[in-house]
Amino acid sequence: TPASYSNEGKTRPAPSIIPNIPGSSKETSKTPTIEKFDYMKYKELVGIREGGGKYDADNKVGFIGKYQFGAQALETFGYLKAGTSTDRNAVYNPSNWTGKNGINSADDFKKATDVQENLMNAYTDMNLKGLQKSGVLTGEDSGSAVAAKLYAAHHGGVGGASKFFKENKDTADFAFSGASVGKSAALMATAYETGQIGGAEYSGLGGSSGVVVASKSAPYQAPGTQSASSPNFKMPTLG
């Protein structure tokens, strides 16, 4: 693992797991050539939007931590026991936790800053690869488009992001009225371009004072597509 990596002229300490994102030091000749993408900038914006930058954030409907991981993601990465994520509130029952990395409860997870950061990196890397495989993420995407598509997957999984960007079908958020995969994509596209994010309309967690609220952005629209519809199907992954 490199000690640091450089994006857009800025060198920052490298996380212990670095997603294979164009522009990072992990980039290889096989990585699609797209506009350099500042992963640390994106990650910081997600952390502010999801948990207000606080590792002990809890939206009280099953999503915890700075990046608001829910039962499905935590089970996928081995923190919750197999099958427990069918209960959206599984994170609140200590008997559902596996003890991986010493995490035996939601409270343990909220205190484990390194675990949260590494899980965010691993989850983003998984989504990146899935979006590339599905054809949603291409070598022609700008940095803000990469951010929008990754954030869509952060909320709706690769499946939800693919439905939106390839089929023009949006996915509603089961926990927050008016929120959706498409709106998340629009929010992050604007945030990545401006470097500012905040508000509570979608995450329900509130924002920091002085930041720009981009929640009224129109749904993100990929080049050559029509606006997505909003059917009543739901596919939650992360809060």
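Only this structure's heavy atoms are used, side chains among them; waters, hydrogens and symmetry mates stay out.
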| task | Please check if Met120 and Ile103 belong to a single hydrophobic cluster, counting links between Ile, Leu, Val, Met, Phe, Trp and Tyr side chain heavy atoms closer than 4.5 Å. | result |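 Yes, one cluster joins them.
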| request: May I ask whether Leu45 and Tyr55 are part of the same hydrophobic cluster, defined by side-chain heavy atoms of I, L, V, M, F, W, Y residues being less than 4.5 angstrom apart, directly or through others? | output: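 The answer is no; the residues belong to distinct hydrophobic clusters.
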Nearest non-hydrogen partners of [X] and [Y], listed with the distance:
{"X": "Ser134", "Y": "Val158", "result": "OG-CG1, 4.5 Å"}
{"X": "Trp97", "Y": "Lys81", "result": "O-CE, 3.5 Å"}
{"X": "Gly102", "Y": "Asp108", "result": "O-OD2, 3.8 Å"}
{"X": "Val136", "Y": "Ser162", "result": "CG2-OG, 3.6 Å"}
{"X": "Ala189", "Y": "Ala148", "result": "CB-CB, 4.0 Å"}
{"X": "Val91", "Y": "Gly70", "result": "CG1-C, 4.4 Å"}

| message | Less than 6.0 angstrom separating the ring centers of Phe37 and Tyr192, yes or no? | response |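 Centroid distance Phe37-Tyr192: below 6.0 Å, so yes.
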| message | If you take the centroid of each ring, where Trp contributes its six-membered ring, are His154 and Tyr67 closer together than 6.0 Å? | response |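 No, the ring of Tyr67 stays outside the 6.0 Å limit from the ring of His154, centre to centre.
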| request: Go through Tyr79 and Val115 one step at a time and tell me if the side chain to side chain contact (heavy atoms under 4.5 Å, CB included) criterion holds. | output: CA-CA 10 Å; Tyr79 289 93; Val115 169; 3.5 Å; yes
Enter the distance from [X]:[atom1] to [Y]:[atom2] here, rounded to the nearest 0.5 Å.
{"X": "Gln116", "Y": "Asp114", "atom1": "CD", "atom2": "CG", "value": "10.0 Å"}
{"X": "Gln68", "Y": "Asp58", "atom1": "CD", "atom2": "CG", "value": "7.0 Å"}
{"X": "Asp170", "Y": "Lys183", "atom1": "CG", "atom2": "NZ", "value": "8.0 Å"}
{"X": "Tyr151", "Y": "Asn127", "atom1": "OH", "atom2": "CG", "value": "12.5 Å"}
{"X": "Phe165", "Y": "Thr138", "atom1": "CZ", "atom2": "OG1", "value": "11.0 Å"}
{"X": "Thr113", "Y": "Lys54", "atom1": "OG1", "atom2": "NZ", "value": "16.0 Å"}

Donor on one side chain, acceptor on other, [X] and [Y], under 3.5 Å:
{"X": "Asn121", "Y": "Lys43", "value": "yes"}
{"X": "Tyr92", "Y": "Asp87", "value": "no"}
{"X": "Ser85", "Y": "Gln72", "value": "no"}

| field | Full working for side chain to side chain contact (heavy atoms under 4.5 Å, CB included) between Phe69 and Phe77 | value | CA-CA 11 Å; Phe69 286 101; Phe77 286 91; over 6 Å; no
Between the side chain of [X] and the main-chain N/O of [Y], is any donor-acceptor distance below 3.5 Å?
{"X": "Glu193", "Y": "Ser144", "answer": "no"}
{"X": "Asp38", "Y": "Met40", "answer": "yes"}
{"X": "Asn59", "Y": "Phe63", "answer": "yes"}

| Do Lys110 and Asp107 meet the salt-bridge criterion of a basic N to acidic O distance under 4.0 Å? |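 Yes, this pair counts.
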| field | Partners passing salt bridge (Lys or Arg N to Asp or Glu O under 4.0 Å) against Asp56 (at least two apart in sequence or in another chain) | value |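 In terms of salt bridge (Lys or Arg N to Asp or Glu O under 4.0 Å), with neighbours along the sequence ignored, Asp56 is linked to no residue.
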| task | Just jot down the salt bridge (Lys or Arg N to Asp or Glu O under 4.0 Å) partners of Glu167, sequence neighbours excluded, or say none. | result |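 Here the qualifying residues are Lys169.
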| field | Residue pairs passing the salt bridge (Lys or Arg N to Asp or Glu O under 4.0 Å) test where at least one lies in residues 130-139, sequence neighbours excluded | value |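 Qualifying pairs, neighbours excluded: none.
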Kindly indicate whether the side chain of [X], heavy atoms from C-beta on, has any atom under 4.5 Å from the side chain of [Y].
{"X": "Ile197", "Y": "Met188", "result": "yes"}
{"X": "Lys66", "Y": "Val46", "result": "no"}
{"X": "Leu80", "Y": "Thr98", "result": "no"}

| field | Test log, rule side chain to side chain contact (heavy atoms under 4.5 Å, CB included), inputs Thr84 and Leu74 | value | CA-CA 10 Å; Thr84 58; Leu74 289 165; over 6 Å; no
| task | Might you confirm whether atom NZ of Lys100 has over 12 heavy atoms from other residues, nucleotides or ligands at distances under 6.0 Å? | result |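 Yes.
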